[in-house]
Structure formats: structure tokens, C-alpha cells
Amino acid sequence: MSLTLRNVSRTFAGASAVRNISLSVQPGEIVGLLGTSGCGKSTILRAISGLDDGYEGEIEINGNTAKEVHDTTGFIFQEPRLLPWLTVLDNVIFGLKGEHADKQKRAKEYIADVGLEGKEKLYPRQLSGGMAQRVAIARALVTSPEILLLDEPFSALDAFTKMQLQDLLLDVWKTYQSTVVLVTHDIDEATYLCDRIVILRGQPGEIDREITLTEQRPRKRGSEELARYKADILESLNLDRARSIT
Amino acid sequence: MSLTLRNVSRTFAGASAVRNISLSVQPGEIVGLLGTSGCGKSTILRAISGLDDGYEGEIEINGNTAKEVHDTTGFIFQEPRLLPWLTVLDNVIFGLKGEHADKQKRAKEYIADVGLEGKEKLYPRQLSGGMAQRVAIARALVTSPEILLLDEPFSALDAFTKMQLQDLLLDVWKTYQSTVVLVTHDIDEATYLCDRIVILRGQPGEIDREITLTEQRPRKRGSEELARYKADILESLNLDRARSIT
Amino acid sequence: ASATGGESQPDEIRLDYAYYSPTSLVLRKFGWAEEVFEEEGIEIEWVLSQGSNRALEFLNSNSVDFGSTAGAAALISKSNGSPIQNVYIYSQPEWTALVTNHDSGIETLEDLKGKRVAATIGTDPYIFLLRSLAAEGIDASEVEIINLQHGDGASALTSNQVDAWAGLDPHMARVELEAGGELFYRNIDFNTYGFLNVREAFADKYPEYVNRVIEVYEKARKWILDNPEEAAELLAEEAGIDVEVAKIQLQRNDFSQPIPGDVHREAIIESGKILQEGDVIDADANIEELVDDLINGSFAEETID
Amino acid sequence: MAKSTGELTGVYIREHTKKKERNKKKKKQTEVVLLGSILPVLLFILWEFLSRQGVFPAYQLPAPSAVFSAILDMAATGALWEHISITVYRVFAGFLFGTIAAVLLGSLVGFYQKAEHIFDPIIQAFRSIPSLAWVPLFILWMGIGESSKITMIAVGVFFPVYLNLVSGILGVDRKLIEVGKMYKLTPLQQVRRIILPASLPSFFVGVRSGLGLGWMFVVAAELMGASQGLGYLLVLGQNTLSPETIIASIILFAFIGKSTDWLLKILEARSLYWQDRFAKT
Amino acid sequence: MAKSTGELTGVYIREHTKKKERNKKKKKQTEVVLLGSILPVLLFILWEFLSRQGVFPAYQLPAPSAVFSAILDMAATGALWEHISITVYRVFAGFLFGTIAAVLLGSLVGFYQKAEHIFDPIIQAFRSIPSLAWVPLFILWMGIGESSKITMIAVGVFFPVYLNLVSGILGVDRKLIEVGKMYKLTPLQQVRRIILPASLPSFFVGVRSGLGLGWMFVVAAELMGASQGLGYLLVLGQNTLSPETIIASIILFAFIGKSTDWLLKILEARSLYWQDRFAKT
Ligand SMILES: Nc1ncnc2c1ncn2[C@@H]1O[C@H](COP(=O)(O)OP(=O)(O)OP(=O)(O)O)[C@@H](O)[C@H]1O
Ligand SMILES: Nc1ncnc2c1ncn2[C@@H]1O[C@H](COP(=O)(O)OP(=O)(O)OP(=O)(O)O)[C@@H](O)[C@H]1O
Ligand SMILES: [Mg+2]
Ligand SMILES: [Mg+2]
């Protein structure tokens, strides 16, 4: 599904959060959003998701500009947002439709994929931070959404779990050709996953730079190519920082 | 303040979370806890803090083994845990004692230090994820605690804000000679900050390895020395992973 | 009255019973009404009235066909336009009097001046109090009337929170017996009789059956006259009160005049005037007309010889 | 709980802890019951003592022993069970209807702004009308059968349930609602799958409050031509100046009310197992 | 809100939006009032119509016009204000005392397990005792002065406030309590700085419920020797079989009850500005 933002701005009670964001995402593209904390990345994702309809400008999803939630969109929020009265299994099943047995089977697969096999019956309050985040990831991926909005999905995970789940994400993406918008602070992650990286700048956030990564997937983590991109991105961010401090 | 754990284990409703953790932290030392998601890092911090008294074994803080909260301990939880009815400023003031004007002044300094100047009057629901985390950091540091327990304090921050706050932490540490236990998934962070890194392994978590870093502070990020440590740690974690998968 | 005719017969007749109407208790206990009407396939339904105002609410809402009330209450309701008629007097009770504690020093109505007297505004004891005061030429404003429910008035008196109380049986009998209360002013004529009222609609439709209900009521009345001891026991058992209390209560009931007539008319008119002064009945209501509308002795006259 | 790969020792430890925990729980329960009895028992002793000393004369406030013997008398004749059972039946039925009505209307008002603007003001206005005031109106509208009594109790139950539910719904964390929105739940599904569970704690308070009010409304209900029931008993006691009957009915109200509340409390605890509540000191 | 570095355009836009928002808010408010009036107005019209048609005869249910003229008559003689003011005074005083008692006992029970075990059972038992049942006891203990009336109302207010507060406290997120614990707050500080603010939504429901019950208990309170007040008016109406008076008192109860609730609702909205509630559709 294609996704286009045109001059999107969002103001909260008089204070501007993002300004004039224009961005066009091709079907099946993975776009990364990078930027300092508070520059409006989550705000943009919320606008795309349709949960927030207070923005100005236009967001077009497959030709539709209505401010509404599309049920083909999956959203991993910045917090896990598990339903505390449901077990891990039921939380993952939550968004699924269809036969009960099918749903269970599918959910269990994804629970295993995120490394939580055997934890199906735990309640959210019994989970560690990273486990809760993984349940949220499973919940979003299990519905195989056509548009995936990810808000720092792997931030609370250790290096290896993170890599594993990044690969899981790529698997899902490959199978369902999802369009992905990924917010992350991990530049390695961005270079490993994204076709394009959009760097936001300032407060209110505006688009500063777009970097297109042409390297073929599967990419090699820590490859020289990616390292070059990383250095480039770091510099952009750093510049922004320097500017915003003065 | 010195801190010693002796054979600490924690069981939740029959399921063991950590087992036989023994660890002794010197006054003014910064110890990092690394390990896969769900291996019991937060559980250990909670036991040290005194919030959880369901553990077996003994925890000694300055010679005192009572299972209670010490008011010289500061805790940055894995979630921001801001009080939703207080503004940013009041949240930071929350733990301070003394004259109102003094408290305000001090709190404002730390708010500026974490880069939230001008945001004092916002309520938690108006903050971005990273901003909330920074408020939580300011709230914990402002009381200049003698023992600092940090549970992934910088996980939701972009690379540069993260570096800035790591340095802030070191400043506080230098000024007050706090004893710090830091849980993190960021190996660069661990090598940059810690005197010693403890690697947990398995589920229930046990101590696998301790790595002592002798390099002088201020350390240089990305120095060769640190890179060597990093490779070493990655290997340990990887091994653990390999073992736990089979 | 049977000449007016009407429809054949009702499916059921709904009677009320009340602890202030011993006749109704006897009638219900022995099932005489059921006996008489069963043959015709008419059901009898009994409803408990916990006070005149409830009985009138039941009548007004067509929940009962016959309801037992104090005469004054029936008049007040009539003045509000209730379609009811009084067709029978189940007793002339001396159920209210003025009560005080035995060491209070109150002996006459004069002594009440400046004192606190408990009464339930709008009910028989209240009317009794006003009439008594009026008879002595004392203005009602010279005593402090405290509005309390009957039972609460009794407790207030025994715990010395008021100096006197316009009492009502069986509370009064119990206070007399157990707490040493003294009835310092009695006047049976200032009581307003126990009225058995019928809904006008019922009387119009089934006049014959009004007579027949009166007939069974008569049977109960006669039984009480013949068996005062048993009647007291029955009252005690039904109402859950002490036999001694029940005896006193029954002694203060005169069951001799069942047919509504001029005596009743006059007593009610007097009460009506007092109530009018107290703003309970509308100032421009014509009391005499109302009373004439309310009291209809013809059924009883026809039935009782 | 967690069905993890159980080594033998692990299983053993689990079994062991379970047993220990069960014992501990039992001991705990008796302790709770004992602690809870302290005040009532003290109260009864004091009261009996004062009665015997003649501080309260019997025609004002009979001694507890006298009251209990009155209750036992009623129990002996079987009248007690009839009073209790009919009242419990009425309260139960009224409670059911009142709760259902409150859930329907409460969900509507909680969920739709328009519905709130239309219905809430009048409901809030009705909420302050005392039970006694309804009596004549109910008699008028519904007569004096069981239905009017049950409806009266339902009215009492309705308001607290409604109020708590609406406020519970309004207090549901926006974050969770958004999860539902992302899955395009229909409003009804939203209510059933997110809003009701999330506002369950509030709902239970409402239900418990409502049941309490149901018991209170019994008196008004049984003014409407009842000849049995606890409310009837109370009014009878007041009309015949029988303090034993009054106090007996009060004690029965307290006891049965407490028992039914206890049932709800158990249900509450069962349904809210997932809450991350704070453990008390 | 945010005092950020205001460029001129920014300031302009802010001013502009503020004005627009204020206008919008005003328009919104009138709409809300209008929507809320629909049902009551319809009800009155229907009722008047049915009365004129003779469906409800005046001795059963007088027409609203008759009731309003009765109220106006009372207003003309000044009696109305006396009835209203004395009742409002009683409810207010009872509400105050009841709420204070509930906050004290509720905090204790909510915070200390022992206190819960000791006090909660008996409080829950008392909760089901109908207001009318208390009347003779209150007269006995406290006489028939204002104090007994106010206490009676306080009793009514107490229970819902208590129940909601305790449940609110028990429902406070453990995570926030732990924050307080880390700073070694004393129990009292815990209550004041964390538990009360966190359970404020619950508390407000309790307070609003309690005020409603306060209005209900007025009748029982004014059975105790009152010669003025809305409850007195109601009972007088019942004793003197005057449907106008009964209905007039009902309408006054509804109207004044709703007004006081509205005040609380405003206070609630003000105090809970920080809540991240879900916006309704
Ligand atoms: N309250 C609880 N009840 C039951 N089990 C719990 C509870 N808290 C933690 N656990 C379990 O203990 C284990 C360790 O949890 P902990 O939160 O310490 O992990 P962690 O190392 O901090 O992980 P992460 O990096 O994901 O935060 C997990 O398996 C978790 O399921
Ligand atoms: N509901 C709200 N009300 C007021 N201001 C808000 C609200 N939500 C976000 N903001 C403001 O908008 C700005 C951008 O917030 P946003 O959450 O989009 O940041 P972010 O880029 O996701 O940051 P982070 O990396 O820290 O999550 C912040 O300054 C924040 O204070
Ligand atoms: Mg964000
Ligand atoms: Mg953790």
C-alpha cells in the first residue's frame, strides 16, 4: 500500500510539534524515521495511523485521504500497551479474526518467534519490560498488516534478541510485502532495515534529510557500506544537535 | 556506600527468576548488569532497592541487611513512572526535601541538564516517550542518592541525547561518589560507564561472567580498548544465546 | 342502592387489613369473606395497609376495592378529589389521647402552654390535639408542636425529649403499660372513627357486592363483641404485640355503631374545620358538602337491621 | 503457574510451596474472620451490659439477648425464613434488573457523547429522589404487586451502578482504547473487549454500592402492600412500637446485607486477579 | 501552555486559536444544556397532556402546571425558601461530616491491612441498614435536634464515599506506590501525595454518590422532629394525602440534587485535568 504525507503539521494547544512534513512511501518500502527525542516522530506515526485526527495537511493511504483508522494498519506503540486482563496468548490473539483454533495456532507461532514459548499463560504484570515489548511485537505482526507503524519496537531488548526480531520483521515484510515506517534511535538498526532513512530536525520537527540505502538485502550487519551510512547519519544528527543547542 | 548480595534468589509463584546471585559492589563503583531479556536484571534491582522483599539470600547495604528501602537509594525504573497529576517540575521536585525555593532551583537545574528547559509546566501525558524518561532521570538524580539503581535509563533516547545524559550521570557520580548499578542492553554504554560488567545468563538468571574495566575516565567513546571489551562481551552473550537456544 | 344495578359480578374483591382495624383482622383470620364469595368464583385478595395514608394510596391507585382509614384521613383525601365513599364504620376507636410522663407535672391542657408536644401532622392524633386545644381556648401557637411519626413520638416522650405526645394505639397502650405514660387528656368524641371506604367505581359497578362485604364485616364485628378475650389474643398475635397491650387497645374501641350516620358526619365536619384552619384542607373547600359526598350510609342501612 | 520445563527439583519445590501457601492462606482466613468479629462482639457485649444496667430501658432499646430470642422465636415458627427469603428474592430480582439497566444505559452514556448529553442530566436529577418519594408514584403506576416492589429496588440499585460505570468508562486509559481502535473494533466490541474489562474495578464498586442501596430500598418497596419481608418487619415494628422487632430487623439487614456483599467481594477478587494492585502493610 | 520562544506568528496563531476555542466552547455549552433539556421537557409536556386528557386524575397525579403553581404559592409566602435553605444546610453539613469521616476511615482501611480486617466488615454490615431503621435509634441517642438530623445525613453520605475511596486506594497502580516508597514517604505522605491523587477519580464518584444518598437520607433525617425542609414536605404530603405537595417535593429534590451534583461535577473536571481520558465519539 502506498502512503503519502503532504504538508502535515500538528499543533498541541498552541505549541507546534511537527511542521510541514511531506513524505511519500512506496508500497513495500521500509522507511526509517530518526530524530532527537521530542522532535515529533511518534506524532507523525499517530497521524498516519489515523488515531490522531488533529493534524493539518493531508495523509493519503492508497488514494484515501480520510482521517480514519485502516484495519490493514498495524501499530507497535512506544509502550507495550498490553491489555492487563489478558494473558500473553490472548493479548496476541486480540487483533486476530476467524476460527478460534486457527487464531491460537497462529498466535502461538508468533509467540515462539519472539522467544516467549512457554510464557503464553502469564499476565502482563508478570512480564519483564522486554518480554512485554516482544508480546506487543507479536500482537502487531500476527495480523500481517499491510502498513506497519513501528515506534521504537526493539528499544528494550538486548542486542541479540533485537537482531533476531529485526530478522523476524524482515521475514514478515518479505512474506506480506508490508509498507513499513519505523521510528528508531538505533542507527545500526535503521541502516540494517531501511530502504530510506528520514532525518527529522528541530522542535517543531521538520524533515532535514533523506538518505536512500540501495544495498541489497540480506545486508551484513557491520558491513563497511552500512558503517559509511552510519557515519553520515551521525553527522547529520550531530549537526542538528549543535544547531539546536545554540 | 558498599553493597553486597549473597546468594540472592527470587521465585515467582514457583517459577525461579534469578538464582544464587552473589555480588559485591565497592563504594563509588559503577557496575553494569547485562543479560538477555527476561533473565532477571530488573528483579535484582528491585531486590537491592528493598521494594521487593520476597527474595531469598541476603543483601547488605552499608552493613545493614534489613529488607527495607533506604532513603539514600535512587531508582530509575524501567518505565518512567511519572505521577500523572504533577507537572514536569513537580515530578522532579517530588523526592526533594527542604525549602520550596531551593527545591525549585535545584529541580530546574536538572531539568535543564536533561534538555527539558521550557517544558516545566507540561503534564506527563503531554510528553514524548523520551522526554518522560528524561524527567524520570532528572527526578532520580536530583536527590543525589548514594546508591543509584538504573534500569535501562537511556533506552528511549536518541544517540546524542543518550551520550549527553551518560555524561550527566558521570558528573553526578563524580560529585557525590554514588555507588551505581546500571542495567543496560547497550554494550557501548556499559563499556563507557562501568567499572565492572556482570553478565547474566539463562532463565533463571545466574552470573556468567564479570568483566572489570580498568580504563581511566573520561573514556573515549569508540576507543580501541572499549571496542575490545565490546567484542568480548558480545561473544559471551552470544554463547549464552547459543546455549539457551539449544 | 341495589336498584342502580351494574354488571354481573367482579372477578375478585380486594380488601385491605390493618392492625388498627381489629375487625378486618378477624375477618381475614376466619376467612369468612372467602367462604361467602368462593361459591361465585370470586377471589378475595388481602392487602396490608400500614396506615391510613397507605390505604388511601391503594384506593386511589385502584389497588384495593375496600380500604380502612381514619375518618379524617378519608376526608382529606376526599377534599383532594379521591373517588371514595365511606360505607361502614368498623369501630369508634379511642385510639388517640394526650400522653405525658407520670412525673412531668402536666395534668391539664392548660399545662401544655409553652411545652413541646409531639404529633404527626395531618393524622388523627394531630387533629385530636388541635381540637382539644381549641376546646380549651388555647391557641395552637402557644404550644410547640414537634412533628414526629407515631412510634418516634412515643420514643421521644419516654426519653424525655418532648413533654407530651398526641398518642396513637397501640404505641399509646404500650407506653402506658411499660413506660408509665399517663393519658392526661382523653376525649373519645374527638377521635374520628374507623372508616371502611370503597372505591366509587366499585360501588357503582357492583353495589350488591358492597352490601355483601358489609355483611361479612358485620359477622366479624359481632364476633368481636361476643369474644373480646379471643379478639385481643388474635390482635396480639397478628400485629405481633403484647396481649396486655392488645387488650387495652381493644377496650378503647367501641364496636357498637357500624352504620355511618349523623354522629359521624358531625364529628368529621368538626375535624374538617380544624384541618382547614391548619391549611391541610383547602380554605375554599366546602366541608359539609365534602362530608355529605364521603359518607354514604345507605349500603349499611340496607344490610344491617 | 508457568508451565516451564519442570526439572524434578523444581516440581518438588513448587508442590511444597503450594502446600505451605495453602496452609498459610487458611490460617490467614481464620485470622481475618477473628479480627472482623472484634468490633461486633465488643458492641454486643457493651450493649448487653448497658441494657442489664438499665441504661437503656427495654421499651427503648432491648438487650441483644432479647433481640436474639425474638429472632429465634421467629425462626422457630418459620416466619423468619419467610421474611428473609421473600426479601432476598426481591432484592436479588431488583438487583438483577437494576444492574442490567445500569449497564445498558451506562455503556451508552459512557461511550456516546450525545447520549451523555441527553440522558445523564435527567438521570442525575432522579438520583437524588428519596425512596419514600417514589412509593406513591410506584403504587400508582404499577400497583402493589411484586413487580412494583422489585422495580423499586431496581431503581435503588441502578444509580450507583450507573454512576460508577460511567465514571469508570470515562476513566479508561486512552492508551488502551487506542489499541482497540487500531484493530477497528466496533463500538460494541470496544465496550465488551476493552472498556468493560478496564472499568471492571469501578463497576464492582458500583455493584456493591448498588446492592447496599437495594437493601435500603427494600423498606420503601415493602411499604407497598407487603405482608412479609424484612422491610415489612421494620415498619411493623415501628407501627406497633415494638423495639425488639425493629432491632431484630436491623440486625437481619446488617447480617444478610454483609453476607451478600461478601459474595460480591469474592466475585470481585476473582475477576480482578489481573490487577497490579498495591500490597498493603 | 508551553512558554516556548514565541515568534510573532506563533503568538498570533495562539491568540487566534484561543479565541476560536473560547467561542467553540461557549457554543458547545449551550448545545449541551439544550440536549440535556430534551428529556425533561418532553416528560413535562407528555405529563401535562395526559393530565389534561384526564388519564391521570388530579387526586392521583396532579398536572405539572398544578404542581408548579403549588411551588410558586410556596415561593410567594416565602415558605419555599425556608424549606429549601434548611434542607440544603442540613445536607451540606451532613455531607461535610460524612465525607470527612469517610476519608479518615477510608484512608486507614485502604492503607492498613489490619485496619481493613477490623473495621471493614462492620462497616459493610452497617451499609445495608435502611435509613428508616436508624430513625428510632438516632432519636434515642441524639434526640430530635439538628445534630441528629445532620448525623443521619452524614451516615448516608459516609458509605458510598468510603466504599469508593477504599476501592480506589486498593486500585492504585503498584508502580506509583513504589515511587513513593523509594522516597521513603511516611504513610501519611503516601496517602496525601500519591494515594489520594491517584484515587481521586474514584473518590469523586464516591462523593457524588454520597451526595445523592445524602439527599435520600434527608427524609429519614427530617422525620426526626423537623417542621421545615424538603423531606418534611414530602412526609407532610404523604400524611395529608396531598399529591401536589408530594410531587412538588420530588421535583425540588430532583432539581436541587441535580444542581449540587453539577457543582461537584465541575469540581471533578477541574481536579482531574491531568487524566489521560479517552475522548468520546
Ligand atoms: N511479578 C512477577 N510475577 C511473576 N513473574 C515475574 C514477576 N516479575 C518478573 N517475573 C519473571 O521474572 C523473570 C525476570 O524478570 P525481570 O523483569 O527481572 O527481567 P529483566 O532481566 O529485567 O528483563 P528485561 O530486560 O526484559 O527487562 C521473567 O521471566 C518474568 O516473567
Ligand atoms: N498530547 C500532547 N499534548 C501536548 N503536547 C504533546 C502531546 N503529545 C506530544 N506532545 C508534544 O509534541 C512533541 C513531539 O512529541 P512526540 O511524542 O512526537 O516526540 P518523539 O519524536 O516521539 O520523541 P521520543 O523520541 O522522545 O519518543 C513533544 O514536544 C511533546 O511535548
Ligand atoms: Mg516517541
Ligand atoms: Mg527489566
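Each chain gets a letter, A, B and so on, in the order the sequences are listed, and its residues count up from 1.
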When rounded to the nearest 0.5 angstrom, what distance separates [atom1] in [X] from [atom2] in [Y]?
{"X": "E/Ser259", "Y": "D/Gln124", "atom1": "OG", "atom2": "CD", "result": "12.0 Å"}
{"X": "E/Lys28", "Y": "D/Gln113", "atom1": "NZ", "atom2": "CD", "result": "4.0 Å"}
{"X": "E/Ile250", "Y": "D/Phe126", "atom1": "CD1", "atom2": "CZ", "result": "9.5 Å"}
{"X": "E/Asn164", "Y": "D/Asn164", "atom1": "CG", "atom2": "CG", "result": "4.5 Å"}
{"X": "D/Leu137", "Y": "E/Ile247", "atom1": "CG", "atom2": "CD1", "result": "4.5 Å"}
{"X": "E/Ser128", "Y": "D/Asp261", "atom1": "OG", "atom2": "CG", "result": "7.0 Å"}

Using a 6.0 Å cut-off, check whether atom CZ of E/Phe92 has over 12 heavy atoms from anything other than its own residue.
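No, CZ of E/Phe92 has 12 or fewer neighbouring heavy atoms, counting only those of other groups under 6.0 Å.
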Answer yes or no: does atom CG of E/Leu188 have more than 12 heavy-atom neighbours from other residues, nucleotides or ligands under 6.0 Å?
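Not buried by this count: 12 neighbours or fewer within 6.0 Å.
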Which residue out of D/Leu132, D/Ile256, D/Ile246 racks up the most heavy-atom pairs below 4.5 Å with chain E?
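The option with the most such pairs is D/Leu132.
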Leading residue by heavy atom contact count with chain E [cutoff under 4.5 Å; candidates D/Ala125, D/Ser131, D/Ser37, D/Gly257]:
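Going by pairs under 4.5 Å, I would pick D/Ala125.
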I need the single residue from E/Leu35, E/Ile38, E/Leu34 that forms a side chain to side chain contact (heavy atoms under 4.5 Å, CB included) with D/His117. Which is it?
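Result for side chain to side chain contact (heavy atoms under 4.5 Å, CB included) with D/His117: E/Leu35.
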For [X], is it the side chain, the backbone, both or neither that has a heavy atom under 4.5 Å from a heavy atom of chain E?
{"X": "D/Phe204", "result": "neither"}
{"X": "D/Ser202", "result": "neither"}
{"X": "D/Leu43", "result": "side chain"}
{"X": "D/Val219", "result": "side chain"}
{"X": "D/Glu31", "result": "side chain"}

Considering non-hydrogen atoms only, spot the tightest contact between [X] and [Y] and give its length.
{"X": "E/Met216", "Y": "D/Ile129", "result": "CE-O, 3.5 Å"}
{"X": "E/Gly36", "Y": "D/Pro121", "result": "CA-CG, 3.7 Å"}
{"X": "E/Arg208", "Y": "D/Leu163", "result": "NH2-CD1, 3.8 Å"}

Residue part contacting chain D, namely of E/Ile118, when any heavy atom lies under 4.5 Å
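Both backbone and side chain.
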Are side-chain heavy atoms of [X] and [Y] found at a separation under 4.5 Å?
{"X": "E/Leu213", "Y": "D/Leu213", "result": "yes"}
{"X": "E/Phe253", "Y": "D/Pro130", "result": "yes"}
{"X": "E/Arg127", "Y": "D/Lys258", "result": "no"}

